[in-house]
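These notes are about the structure you will find just below.
Just follow the structure's listing: the first ligand is 1, and inside any ligand the first atom is 1. Please read these numbers as outputs of a predicted model, since none were measured by experiment. Index from 1, following the sequence.
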Amino acid sequence: MTARTPEILDALRGLRQTRRFLDTPVDPDDLERLLEVARWTGSAKNSQPWHLVVVTDRATNETLAGYGDFTAFLAGAPASIVVAVEGEGRSVAYDDGRLQERVMLAAAALGLGSGTAWFSSAGARRRVRELLGLPQHLEPWSAIALGRTDTTQAQAAPQLSGRRPLEEIVSWGRYGDPRPEGD
Ligand SMILES: Cc1cc2nc3c(=O)[nH]c(=O)nc-3n(C[C@H](O)[C@H](O)[C@H](O)COP(=O)(O)O)c2cc1C
């Protein structure tokens, strides 16, 4: 443990989805910092199967907001980064998720809120592709909304908050076993 460890762990554990943003624009230098973090994400065989589109145009984010099932909150985001990936399957999805989580954590370090907006249907991804001029081989599965969190508003439906307890999701040594006494 160093002096900064509790602060870092709190930041990692405390990352939440922002869905309500202030109008304040995101500093383009901060966007560059996030892109640099994204660039260094590890991927399977270092394939780096992604292309990122930075969207700071309000009207474009409003249009994107209408494409997914739960993406309406994008309309209020001063910036977003659409993450498009090449290829299919678990490994590409994992790479995509790693990049997004990194960007979201880096955003938090910059004092920015962030939220994943998922374009789950093929039709939604086609519309995103057409809007942003992405080539056919790239699948824009999601956008990361970015901006200052509006802390005066609730960010999530209460029923979606919270987490299952550790005892329910962790075993020690063998499935179902608790942490041994004295460890
Ligand atoms: C793969 C994935 C897709 C998600 N898609 C959306 C989405 O389209 N819209 C949304 O509002 N939140 C989306 N979320 C955010 C989750 O709903 C959120 O992380 C979860 O409810 C826990 O809330 P919290 O992050 O605030 O703790 C997504 C999260 C993941 C991991």
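For the ligand labelled ligand 1, residue R163 lies inside the 4.0 Å heavy-atom shell. Within the 4.0 Å heavy-atom cutoff, A117 counts among the residues contacting ligand 1.
Ion pair D30/R33 flagged as a salt bridge, since at least one NZ, NE, NH1 or NH2 atom sits closer than 4.0 Å to an Asp/Glu carboxylate oxygen.
On a distance-only criterion, W118 and ligand 1 share at least one N/O pair closer than 3.5 Å. Residue F70 places at least one N or O, backbone or side chain, under 3.5 Å from an N or O of ligand 1.
When the shell of 6.0 Å around CD of E130 is examined, it contains more than 12 heavy atoms from other residues, nucleotides or ligands.
Listed by number with element, the atoms of ligand 1 under 4.0 angstrom from any heavy atom of R16 are 24 (P), 25 (O), 26 (O), 27 (O). Counting the atoms of ligand 1 from 1 in the order shown, those under 4.0 Å from a heavy atom of F73 are 9 (N), 10 (C), 11 (O).
Applying the ring pair (Phe, Tyr, Trp, His ring centres under 6.0 Å) test to W50 and every residue at least two apart in sequence or in another chain returns nothing.
Listed by first then second residue, pairs satisfying side-chain hydrogen bond (donor to acceptor under 3.5 Å, both in side chains) with a partner in residues 103-122 number zero, not counting sequence neighbours.
L74 and A145 get closest at one heavy-atom pair: CD2-CB, 3.7 Å.
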